Amino acid sequence: MAKKIGVTMEVGNDGVAVITISNPPVNSLASPIISGLKEKFRDANQRIDVKAIVLIGNNGRFSGGFDINVFQQVHKTGDLSLMPEVSVELVCNLMEDSRKPLVAAVEGLALGGGLELAMACHARVAAPKAQLGLPELTLGVIPGFGGTQRLPRLVGLAKATDMILLSKSISSEEGQKLGLIDALVPPGDVLSTSRKWALDIAEGRKPFLRSLHRTDKIGSLSEARAILKTSRQLAKKIAPNMPQHHACIEVIEEGIIHGGYSGVLKEAEVFKQLVLSDTAKGLVHVFFAQRATSKVPNVTDVGLKPRPIKKVAVIGGGLMGSGIATALLLSNIRVVLKEINSEYLMKGIKSVEANMKGLVSRGKLTQDKAGKALSLFKGVLDYTEFKDVDMVIEAVIENIQLKQNIFKEIEKVCSPHCILASNTSTIDLDVIGEKTNSKDRIVGAHFFSPAHLMPLLEIVRSKNTSAQVILDLMAVGKAIKKVPVVVGNCIGFAVNRTFFPYSQAAHMLANLGVDLFRIDSVITSFGLPLGPFQLGDLAGHGIGLAVGPIYAKVYGDRMFRSPMTELLLKSGRNGKINGKGYYIYEKGSKPKPDPSVLSVVEESRKLTNIMPGGKPISVSDKEIVEMILFPVVNEACRVLDEGVVIRASDLDIASVLGMSFPSYRGGIVFWADTVGPKYIYERLKRLSETYGSFFKPSRYLEERAMNGMLLSESKSSRSRL
Ligand SMILES: CCC[C@H](O)CC(=O)SCCNC(=O)CCNC(=O)[C@H](O)C(C)(C)COP(=O)([O-])OP(=O)([O-])OC[C@H]1O[C@@H](n2cnc3c(N)ncnc32)[C@H](O)[C@@H]1OP(=O)([O-])[O-]
């Protein structure tokens, strides 16, 4: 059925014109909606039978804001004229300065431009639990329909800057306390109360308040300056590489000093500059890329429905198993945790409890909810409870034989519909399921540590996994608030495989004589939260040593073999786990670079003997970034070439959510396309001539560079999906 898009107006016998926005699913403010709103407001202002106006969104949602597709069109074309003139013509002139009172009837959500329209009304009536916020900064822009000016005037400067800079939405209940919402009424009464409120204003029983003209919540200039100073410090901390936070504070300040209207004009000017920034391009790409992951050909488009998953068994209560159990429990899924003996079981149970406690102490969970979640939890030592579970997630150590035996056993004890998932990060799923007759039910559920906090879930399908099983796991992933990305079966799957050259490149650089702490600092300045050596410390060097040979078996032609990890372990440094790695870890203080580790590095340099003429190489920061991240791009090319991901943007999301690649750079492939495949190819080619096959450009990269194509452009690949 075609979507009904448009704006309607109905004038009741009471003289109230109800203007309704319809653009499913979120009533985004697309061009036809904006022009429809202009037309209806003009009409309502002119008609003598209209005394007052109510603005509402169809189907229980006020509006999700300006149509983000338009940003994407602007990015593709560079044509700013695609952005309609809204902020002055519609919002100030036709709405806020209208002589007829205007009330917003808010249900469901009012986000971005949606909330901005509501704030231009003369009052707001809302249903409970409506979501209100200005999330524009997450898209690399600032609010552009006057939100930077009206929100501070309605909720106060400190709260407004907090909401805008952190893109934090609030509920209508909180909105009422703050003065953003004038009345909170049951959903069925929102429209009738809004009509009445609008008439009350028209007839002088309620005040006619224009948000932009208000000053009562702004405070004195010196108070405002103090708040903005704190905001600038916050912006520096949370968004050091992004322009929109600082720009937004400037725009707010303009309104404080020169008045709201001046602020609105500056807002429009700054918006236009930001919308074309690389940051906005990257973040808008990430917005759509994330949503695209839920579209999986032959899975989500063939009329299947996800089956309910109410009870899950997790095998193994270590770091991963307890994290996975925590994530499931928090979404009200019953969990049975199985271990091999009571000592390990108690450890697993304690870890789950500690995870809950951690969330409570950080204010992310109430004690009551933690208690409820734990009431759904049971530890077991045998398979009795497995007969009625809907899914098993195996999370034991990476040992092929052990996993094969477990899958053989669970196939016998679980019902024939039960999903059999493995949290392996490296082992081939086909090998894991080799000894079973249930290959269609076997799937990879690769969580990232800590599993109850990290947002990515890689769903690995083998050539036998059924579409129904993939769909079920996608639904579980969403239910436990993860972003599921469906990938194909290969060593390391999409994320770990793409990023295995990350630490190897760092080791090569260190062996070439570059200071390892400088490498970490350059990479964190680029935007990754942890440099390669910090990441190694966090994961534990024992793990690095264990998975190395698995990768070497299949990707050995392009690996740099560094003795550094082994030497590090020999010197008693396993990373954060034992308080000592490249850095020193002490409770309550930040990790400190450990100068004594340099003797380990020296020993490694002697053994590899790769410094040209025995002297350290000299490299710029830019060269460090390229030598570390271009090999990652190169491996991403192979992942794309082999069809391990459905689309390039899936790898972008996986890199952002699994490796914390900076979202404002759009993900690994998007970033590489921004840098240019030809440039990357040429740099890698030159590096491979100097330093060997580790840097050798892949066939896919070479083809794209030669043909002037982007890495993300689709091709008919040999898909594994
Ligand atoms: C000059 C301009 C000034 C102005 O200040 C700028 C803005 O307002 S910037 C905007 C500020 N606003 C925001 O940043 C809000 C962004 N949106 C959200 O945060 C969530 O989508 C929302 C909470 C609304 C619903 O969550 P949920 O229920 O989990 O649902 P879902 O997330 O799966 O989305 C369902 C479908 O709706 C689509 N779509 C959604 N919003 C928009 C949009 N604005 N536009 C276009 N499309 C949008 C989305 O792509 C998806 O499409 P598909 O084809 O089905 O994949």
Side-chain angles (χ1 to χ4, degrees), residues 3 5 21 23-34 37 57 59-75 80-92 106-120 129-151 163-164 166-171 244 247-248 251 264-265 267-276 280 283-296 300-301 474-475 477-479 481-484 647 649-650 653 663:
K3 289 201 295 186
I5 300 177
I21 303 169
N23 186 11
V26 302
N27 293 327
S28 68
L29 305 170
S31 299
I33 301 292
I34 305 271
L37 284 170
N59 251 339
R61 286 176 146 185
F62 188 76
S63 169
F66 186 68
D67 181 3
I68 302 168
N69 291 292
V70 178
F71 295 160
Q72 225 174 22
Q73 284 155 19
V74 170
H75 294 159
L80 268 176
S81 70
L82 294 168
M83 299 291 304
E85 175 48 62
V86 177
S87 143
V88 173
E89 192 188 339
L90 172 68
V91 184
C92 289
V106 179
E107 290 177 285
L109 47 85
L111 295 173
L115 181 61
E116 293 176 284
L117 291 188
M119 291 192 293
K129 305 222 158 19
Q131 193 189 348
L132 315 170
L134 295 178
E136 284 88 343
L137 271 64
T138 59
L139 297 166
V141 291
I142 57 171
F145 293 170
T148 60
Q149 306 304 312
R150 292 188 181 88
L151 193 62
M163 281 175 70
I164 300 175
L166 299 172
S167 292
K168 248 203 280 187
S169 56
I170 57 169
S171 65
Q244 70 274 29
C248 188
V251 168
V264 164
L265 296 182
E267 183 192 84
E269 189 190 307
V270 170
F271 187 95
K272 277 191 193 146
Q273 291 158 11
L274 287 171
V275 76
L276 285 172
L283 289 171
V284 167
H285 169 73
V286 164
F287 176 84
F288 287 112
Q290 181 163 334
R291 277 141 189 99
T293 57
S294 51
K295 296 173 182 96
V296 179
T300 54
D301 55 0
M474 285 176 75
K478 285 202 173 161
K481 300 184 182 63
K482 306 282 173 210
V483 177
R647 46 185 94 75
S649 64
D650 284 3
I653 286 301
S663 56

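Quick caveat, the model's predicted, so the values are computed rather than measured. Counting starts at 1 for both ligands and their atoms, following the listed order. Heavy atoms only: backbone and side chains are in, while hydrogens, waters and symmetry mates are out.
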Between L111 and L134, does the side chain to side chain contact (heavy atoms under 4.5 Å, CB included) criterion hold? Intermediate values first, please. CA-CA 6 Å; L111 295 173; L134 295 178; over 6 Å; no
Checking side chain to side chain contact (heavy atoms under 4.5 Å, CB included) for the pair V106/L115: CA distance, chi angles, key distance, verdict? CA-CA 9 Å; V106 179; L115 181 61; over 6 Å; no
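- By the side chain to side chain donor-acceptor pair (under 3.5 Å) test, S663 is found to be paired with no residue, residues two or more places apart in sequence or in another chain being considered.
- Between N27 and R61, the closest heavy-atom pair is ND2-O, 2.6 Å.
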Ligand 1: protein N/O within less than 3.5 Å of ligand N/O:
unit_1, atom_1, unit_2, atom_2, d
ligand 1, 5 (O), E116, OE1, 2.5
ligand 1, 5 (O), E136, OE2, 2.6
ligand 1, 5 (O), G144, N, 2.9
ligand 1, 8 (O), F66, N, 2.9
ligand 1, 8 (O), G113, N, 2.8
ligand 1, 12 (N), G64, O, 2.9
ligand 1, 28 (O), R61, NH2, 3.1
ligand 1, 32 (O), R291, NE, 2.7
ligand 1, 32 (O), R291, NH2, 3.1
ligand 1, 44 (N), G64, O, 3.3
ligand 1, 44 (N), F66, O, 3.0
ligand 1, 45 (N), I68, N, 2.9
ligand 1, 56 (O), K295, NZ, 2.7

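- Among all heavy-atom pairs drawn from E116 and F145, the shortest one is OE2-N, 2.8 Å.
- G144 and S87 get closest at one heavy-atom pair: O-CB, 3.3 Å.
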